Each structure stands twice: as structure tokens, then as C-alpha cells.
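None of these values were measured; they are calculated from a predicted model. This chain uses plain numbering: 1 for the first residue, then up along the sequence.
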Amino acid sequence: MGFKTDTSFLRFLTMGAMGVRRTIEQLADIGFEPIELERYCGSNKIWSTKIKRLRLPDVLCVKTGLRVEVRTKSKLEIKMSDAPKNPDRVWDAGLRDEDLVAFITSFDSEGGHNLAQEAMFFTVKALRESVVLSKLGHPKSAAEGAEQDRNWPAIVPSRDGTILEVDAEKIIVEMYATPDRPSRRQIYTLRGKTPYFSTGDAFKGGVTFLAGAPSSLADFLSYLNRKFKPLDDLYSPNVVDRYAAIKALPHREDLKKQAVSALEEHISKEPEPRVALEAAGSAASLGSTLGQERMVHFIWDKDADPVMRMEAVLILTELGETRFTHGQLIRIAGEPLFQGDEIRQAAVWGLGKTGLKAYADLLPFIDDIEENVAMHAIAAFGTDTPRPVIDKLVKDLLTDDTRRPPAASEALRIIGNNDVLDALVQESYSDRNIPAWILTTLGRLPPNLVRERLQGTPLLNRIAPMLLMSEGANWLASEKVASDISFLIKQNL
């Protein structure tokens with residue numbers, strides 16, 4: 001189970017995933033058709049099974065073939081992770097000259113991460129040509145692969161403003177006034193850096209590169225004129241080209257008629273197992289029986305690679321609700337041979353809010369003998385859980401079992417919608433002696449929702465003390481403070 005408490009790692013993972021999503025939105029808004037090329041690059045779900053994937057850019061445009069690596073920074077810099085002695089982990093491994101690197105700022109806020117509206121783009125070629133001007137930082141920890149940060153010199157303004165003057169030596173800007181600071185002029189000395197904007201241009205503080213070591217920003221709008229031919233790239237000698245073509249085909253309406261036969265032909269010929277699995281997944285998404293059969297082989301063959309089996313389950317989740325995907329995930333989740341394997345957790349997770357949304361099928365697993373499976377099942381419920389499933393969870397609160405009621409209560413708290421409140425209130429009125437788990441669960445719902453619904457009723461008076469412990473009603477109940485104080489209490493020696 002890969003979600004042991006490492007809040008720092010999760011913070012950076014979340015920031016990166018949000019940066020990918022924002023960059024995809026930006027590209028889509030201007031006419032590209034972007035998808036995630038690197039699996040899970042837009043997710044912050046942590047798995048302990050380490051899947052060695054191809055070195056891929058994060059984003060692919062299925063219309064133009066544009067590939068984009070996204071780097072999200074809390075402080076905007078032209079910075080890439082590098083491992084100069086490891087060819088598989090050098091900063092530009094797997095990237096072509098024409099690929100882009102997007103840098104986007106994430107500002108920390110009380111509610112989490114506040115992403116800049118737009119990323120800044122450089123071509124890999126521009127970064128490669130200026131790499132002699134970059135500097136390597138100190139090696140990171142061994143746990144991070146002994147990588148180093150490679151940083152290209154750049155100028156990033158601290159607040160919004162307008163460029164007043166640009167020449168070969170300097171940029172003169174006017175910084176706009178803020179509530180606590182007046183407007184002022186500032187001079188930035190270039191020292192060999194290339195300016196990216198002209199006199200009169202406006203810029204955003206902490207979001208814009210005014211100048212840098214690379215010769216120019218990327219003209220990414222010019223990529224809209226390109227035509228991607230994934231059917232041709234299926235036969236490329238480059239494994240990343242083949243992978244990108246396979247990922248793109250299910251998204252190309254104009255190629256649907258040819259895609260299935262092309263993918264089926266490719267499944268048996270592809271020498272790289274990871275690409276062959278992806279071809280099976282893409283073919284299965286288009287209804288191919290052969291694609292489904294190959295997916296089944298990757299999962300159920302007695303000699304199947306456990307890592308590839310896990311990847312196959314993640315692909316099943318992405319394929320969406322079909323009889324095939326539903327049946328496979330249910331079977332995997334309940335398979336005795338997979339007891340103790342993270343693959344059961346992945347299958348259960350895939351049945352929930354991030355996958356098939358088959359919430360009724362999560363019910364048998366919320367008190368699973370494996371705690372990690374049970375926790376994944378509980379956390380997989382979404383706010384869109386339908387009322388019949390909610391009613392079953394409420395009935396579970398009434399059992400004498402020691403595991404089922406607390407699991408159901410937590411699931412209902414996570415769902416936390418009006419149907420949950422209505423179902424709990426309805427059950428409380430059906431019995432003069434309100435069951436303890438009904439009261440407890442009511443007290444764990446959002447306080448404002450409960451108070452509004454129960455205003456003026458005796459039931460509200462009974463659960464009012466519990467509502468004081470809810471997040472939003474008690475500053476010590478916030479997730480951050482609760483985590484911090486728990487950490488502090490452990491410092492007791």
C-alpha cells in the first residue's frame with residue numbers, strides 16, 4: 001500500500017498532477033487535443049508497486065503529435081532533474097528536439113495549491129542548445145536516485161508589471177502598485193540572457209520568464225498546423241513513437257475504422273512488453289476481442305509479470321465501464337490468489353470514484369480482512385454515490401459487527417451529500433432509541449449541512465456537541481493542524 005504518511009512527497013506529487021491538468025486545459029483551450037501520455041501524471045494516487053515505464057513526456061496532442069513535459073514549480077525556474085551518469089535519467093531522456101517543456105507556477109495557499117492560469121513553454125532544442133549555461137545543483141538523497149537539479153539562468157519578476165525598455169544589456173520595467181506596495185521602476189541586468197518580451201508588453205509576477213538562457217520561448221501555437229499520423233508511427237523503430245501512436249488511436253475519430261485492425265496486428269508483433277500491453281488496452285477500448293484476450297493474459301497467466309499485471313489493472317480502470325472491465329475488476333478484487341497483493345487494492349480503487357463508479361460493488365470490501373483493501377474501498381466512494389447504495393451503508397450501521405458499522409460510517413462521511421443526511425435522519429425517526437452509529441455518523445457530516453437540515457429539532461440538540469469536533473467548526477480539527485499536532489505529540493522522549 002503506497003499511501004504511508006509522507007505529506008511532503010504527496011504535496012509535490014499533487015502539485016505536479018495539478019500542473020499537468022492545468023497545462024492540458026490551456027492546450028485544449030487554444031485548439032489542441034491533449035491527453036495524458038505518461039500514465040498517472042495527472043493523478044496523486046500513490047502505489048507501492050514500482051512500475052518501470054518508458055521515459056515519456058507527460059502530455060500528447062492526438063491531433064498534432066505535440067508532446068509536452070510539464071514541470072510545476074512553487075518558485076518559477078527553468079529547472080529539470082538530471083542524473084548525468086545514468087542515461088535513462090538524464091534531464092532530456094526520451095525527448096525529441098521538437099518536444100516542449102512547460103513550466104507552470106503553483107502558489108501555496110490555505111486551501112492547497114493555486115495554479116497559474118498559463119504555463120511558459122520552451123522547446124527541448126532550445127534547452128539543449130543552452131545547456132552549457134545551466135548549472136547542476138548538489139546531489140539529492142539516495143532515495144531520489146541521487147539526481148541533481150539542472151538550472152538554466154532566468155529572470156522572473158516578483159509582481160505584475162509592464163516593460164518600459166529593452167536593450168542588449170537590460171530590461172527596465174514598471175512594477176504595478178499592490179495594496180501594500182507602491183508602483184516602482186526596476187532594472188534587470190541581462191548578463192547574456194535573452195529577453196522574451198518587448199517594450200509595452202505586460203507580464204505576471206511569479207508566472208512569467210522575462211528573459212533566460214534559452215534563445216527563445218517556444219512558439220507553441222505553430223504546432224497547431226502539424227498533422228499527426230499515428231498509423232504510420234506504429235511502425236517506427238522508436239519505442240516512444242510507437243507507444244504514443246497506440247495511446248492516440250482510440251482518441252482519433254477519423255481513424256476508428258482502421259485503428260482496431262492496426263492495433264490487433266501490432267499486439268502480436270510488438271517486441272516491447274509494455275507497449276504490447278498498451279496496444280491490447282487501446283484495442284480493448286475499441287471493443288476488440290483480441291485486445292481483451294491479451295489483457296486477460298497479462299493478468300491471469302500463471303507466469304505473468306506481477307508488475308505488468310498491476311499495470312494491466314490500471315489500464316482496465318482507464319477503459320471505463322464495460323461488461324469486460326467491470327467483470328475483470330470484480331474478479332481481481334475477490335481473487336484469493338491475490339491475497340496480500342496490492343493488485344486487489346488497485347482493482348477496488350478502480351471500481352470507485354476515479355474509475356468505473358460502480359459503488360454498489362465496493363460494499364463487500366469495506367470491511368475486508370485486508371485492512372488496505374478495506375481502506376481503499378471506503379475511500380473510493382464519491383459524492384455521486386446513488387441513494388440505494390447509501391441506504392445499504394446506513395443499514396450497515398445497525399449491525400452488531402465490530403468492523404462493518406465504523407467502515408460504513410466513514411464511507412458515509414466521505415460521501416457527505418444531502419442523500420446521506422436524509423437517509424440518516426429517516427432512520428433516526430424509525431426508532432425511538434436512535435442507534436449510536438446513526439448519531440455518530442450524523443455528527444461527522446459537514447456542520448452547516450446538518451444544522452440547516454435539523455434546525456429546531458431535538459435531534460440537533462443531541463448531536464450538537466459532536467458537530468463541534470468537525471472540520472470547519474474547530475480550528476484544531478483541520479487536516480493540517482490535526483496532522484501537525486499528532487506529529488508533535490510523538491516527540492515525547
Residue that, paired with Glu311, satisfies salt bridge (Lys or Arg N to Asp or Glu O under 4.0 Å) out of Arg53, Arg274, Lys50: Arg53
Sidechain-backbone polar pair: Ser428 side chain, Val425 backbone, donor-acceptor under 3.5 Å: yes
Candidate pair Asp305 and Phe298, rule side-chain contact (heavy atoms from CB on, under 4.5 Å), full reasoning: CA-CA 8 Å; Asp305 180 346; Phe298 274 103; over 6 Å; no
Side chain Ser470, main chain Gly443, donor-acceptor under 3.5 Å: yes
Side-chain donor/acceptor of Glu342 to backbone N/O of Thr49, under 3.5 Å: yes
Main-chain N/O of Ser483 paired to Ser486 side chain as donor or acceptor, under 3.5 Å: no
Donor-acceptor pair, side chain of Arg159 and main chain of Tyr176, under 3.5 angstrom: yes
Flag, side chain of Asn417 to backbone of Thr383, donor-acceptor distance under 3.5 Å: yes
Side-chain (Glu174) to main-chain (Gly161) donor-acceptor, under 3.5 angstrom: no
Ring geometry between His376 and Trp47 (parallel below 30°, tilted from 30 to 60°, perpendicular above 60°): parallel
Verdict with reasoning, Ile78 to Leu127, per side-chain contact (heavy atoms from CB on, under 4.5 Å): CA-CA 9 Å; Ile78 308 175; Leu127 293 174; 3.7 Å; yes
Exercise: do Asp384 and Tyr359 side chains pair donor with acceptor under 3.5 Å: yes
Candidate pair Ser106 and Met18, rule side-chain contact (heavy atoms from CB on, under 4.5 Å), full reasoning: CA-CA 9 Å; Ser106 173; Met18 291 178 67; over 6 Å; no
Flag side-chain contact, heavy atom, 4.5 Å: Met120 against Tyr196: no
Parallel, tilted or perpendicular: rings of Phe122 and Phe209 (30°, 60°): tilted
Stepwise side-chain contact (heavy atoms from CB on, under 4.5 Å) check, Thr72 with Arg22: CA-CA 10 Å; Thr72 311; Arg22 178 58 57 84; over 6 Å; no
Asn114 side chain vs Phe107 backbone, donor-acceptor pair below 3.5 Å: no
N/O donor-acceptor pair under 3.5 Å between Arg403 side chain and Asp368 backbone: yes
Residues Trp349 and Thr317: side-chain donor-acceptor under 3.5 angstrom: no
